[in-house]
Amino acid sequence: MTFHPAKCFILRVTRKRNPVVHNYHMMGHYLETVQYYPYLGLELSEDMNWDHNITKATSKANRTLGFLRRNLNKCPQDIKESAYKTLVRPHLEYASAVWDPYKKCHISQIEMVQRRAARFVTSTYSREPGTVTNILQTLGWPTLATRRQGARLILLYKILHGEASVIIPDYIRRPTVTTRQYHRDRFSRVSTSTDAYEYSFIQRTIVDWNQLPECAIQAPTTVAFRVCVWQFLA
């Protein structure tokens, strides 16, 4: 396999304030160092911050929503709703189990797209307080944060049942003592010193997993688990 040197870059991932920097070259071409770079549809950054990825995802979603508003403005509500769920929302949820944000500014940035979509779908542009909240309740749309939470739980279920090629770290263990507060299949949390790991997929999802009802934990299939999870999160 041959790589084109002009299309290769260096992305250093480190928490050090003064990292050791080396220059790399390929076929006589020095590789450029970048702060972030796309990989499998996600924008990876040198400090593992998802700000750039979220901004890019919301920008794509807003552009697509603008296209729908220009071309489907006079269509029935069900057509506009299907268009939003098919063409806009996937931009906001692609691989969201990996980058699910915890900062309020990022959560609000993503939710704002759905709130604009709700106005478009129902052709309601009133600026009275609570208008969009009532629209979302009428449409029955859960928040995108709730959907991301459900997606993380479903992915963890698949991992535990061998349906996803992701390995749970050895230090993530189940406690030996059970209590009435939690089900027997809960996980013990691991203390962390950084937000990057505290709000990572495994750490965040085992907290939600420990709160699930027994019907979800004992679900025999992914479909049954998904039904229980959405009923729990509703």
Side-chain angles (χ1 to χ4, degrees), residues 9-20 34-54 56-57 92-104 106-107 110 144-230 232-233:
F9 302 88
I10 300 173
L11 177 66
R12 297 185 177 92
V13 179
T14 178
R15 294 181 60 240
K16 294 182 178 180
R17 294 183 180 181
N18 299 305
V20 178
V34 296
Q35 294 181 333
Y36 46 79
Y37 198 76
Y39 180 72
L40 297 179
L42 295 180
E43 293 286 333
L44 301 182
S45 65
E46 61 182 2
D47 58 356
M48 296 308 293
N49 187 310
W50 296 107
D51 180 76
H52 187 74
N53 181 79
I54 293 172
K56 187 173 181 179
L92 305 173
E93 297 185 332
Y94 174 74
S96 61
V98 177
W99 55 265
D100 184 13
Y102 65 92
K103 294 182 179 179
K104 291 183 179 180
H106 291 155
I107 295 174
I110 299 170
L144 296 176
T146 300
R147 288 179 56 84
R148 291 193 298 273
Q149 182 183 9
R152 286 191 287 103
L153 287 167
I154 292 170
L155 178 57
L156 181 58
Y157 178 91
K158 291 181 178 180
I159 294 172
L160 296 175
H161 291 77
E163 299 178 15
S165 299
V166 179
I167 299 175
I168 298 293
D170 294 335
Y171 53 82
I172 301 296
R173 302 175 181 176
R174 301 184 189 275
T176 56
V177 180
T178 59
T179 64
R180 295 181 180 180
Q181 184 178 3
Y182 299 106
H183 51 74
R184 61 183 180 181
D185 291 323
R186 75 186 191 279
F187 291 92
S188 297
R189 292 194 62 189
V190 178
S191 60
T192 62
S193 59
T194 63
D195 286 348
Y197 188 71
E198 176 67 19
Y199 296 100
S200 63
F201 166 72
I202 292 293
Q203 281 289 91
R204 292 185 70 186
T205 309
I206 62 176
V207 174
D208 298 330
W209 179 273
N210 291 345
Q211 304 294 330
L212 289 177
E214 194 71 22
C215 70
I217 301 301
Q218 301 300 325
T221 64
T222 303
V223 174
F225 178 81
R226 181 180 288 109
V227 171
C228 291
V229 164
W230 289 123
F232 175 72
L233 297 178

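What you see is a predicted model; the values in this text were computed from it and never measured.
Salt bridge status for Glu93 with Arg148: absent, with no side-chain N to carboxylate O gap under 4.0 Å.
Between Tyr94 and Leu42, the closest side-chain pair of non-hydrogen atoms falls below 4.5 Å. Trp230 places a side-chain heavy atom less than 4.5 Å from the side chain of Ile154. Annotation: side chain of Gln35 is not in contact with side chain of Arg12 (no heavy-atom distance under 4.5 Å).
What you find for Tyr39 and Leu44 is that their closest heavy atoms are CB-CD1, 3.8 Å. Here the shortest heavy-atom pairing between Trp99 and Leu92 reads CH2-O, 3.2 Å. A pairwise comparison of heavy atoms in Ala145 and Ile107 identifies CB-CG2, 4.4 Å as the closest pair. Contact detail for Leu11 and Ser45: the closest heavy-atom pair is CD1-C, 4.2 Å. In terms of heavy-atom proximity, Gly150 sits nearest to Val229 at CA-CG1, 4.2 Å. Nearest heavy-atom pair across Asp100 and Arg204 is O-NH1, 2.7 Å.
To the nearest 0.5 Å, atoms CD1 (Ile168) and OG1 (Thr205) are separated by 9.0 Å. Between atom CG of residue Asp208 and atom CD of residue Gln203 there is a gap of 11.5 Å, rounded to the nearest 0.5 Å. For the atom pair Leu156 CG and His161 NE2, the distance stands at 10.0 Å (nearest 0.5 Å). In this structure, Leu160 CG and Ile217 CD1 are separated by 8.5 Å, a value rounded to the nearest 0.5 Å. Taken to the nearest 0.5 Å, the SG atom of Cys228 stands 10.5 Å off from the CD atom of Gln218. Annotation: the span from Tyr199 atom OH to Thr192 atom OG1 amounts to 8.5 Å, rounded to 0.5 Å.
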- Query: Under the side chain to side chain contact (heavy atoms under 4.5 Å, CB included) criterion, do Trp50 and Val98 qualify, and how do the steps go?
  - Reply: CA-CA 10 Å; Trp50 296 107; Val98 177; 3.8 Å; yes
- Task: With side chain to side chain contact (heavy atoms under 4.5 Å, CB included) as the test, would you mind laying out the steps for Asp195 and Tyr102 before giving the verdict?
- Result: CA-CA 10 Å; Asp195 286 348; Tyr102 65 92; 3.4 Å; yes
- Task: Step by step, work out the side chain to side chain contact (heavy atoms under 4.5 Å, CB included) result for Thr14 and Glu46.
- Result: CA-CA 7 Å; Thr14 178; Glu46 61 182 2; over 6 Å; no
- Task: Would you please test Ile10 and Tyr37 for side chain to side chain contact (heavy atoms under 4.5 Å, CB included) and show each step?
- Result: CA-CA 9 Å; Ile10 300 173; Tyr37 198 76; over 6 Å; no
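With sequence neighbours excluded, no residue satisfies salt bridge (Lys or Arg N to Asp or Glu O under 4.0 Å) with Arg173. Take Lys56 and apply the salt bridge (Lys or Arg N to Asp or Glu O under 4.0 Å) test, not counting sequence neighbours, and it matches Glu43. With sequence neighbours excluded, the residues forming a side-chain contact (heavy atoms from CB on, under 4.5 Å) with Ala97 are Arg152, Leu155, Phe201, listed by chain and number. In this structure Glu163 satisfies the salt bridge (Lys or Arg N to Asp or Glu O under 4.0 Å) test with no other residue, sequence neighbours excluded. Not counting sequence neighbours, the partners of Thr194 by the side-chain contact (heavy atoms from CB on, under 4.5 Å) test are Arg15, Ala196, Tyr197. Remark: Pro169 pairs with Tyr171, Ile172, Ile202 by the side-chain contact (heavy atoms from CB on, under 4.5 Å) rule, at least two apart or across chains.
Ring centers of Phe225 and Trp209: under 6.0 Å apart, within the cut-off.
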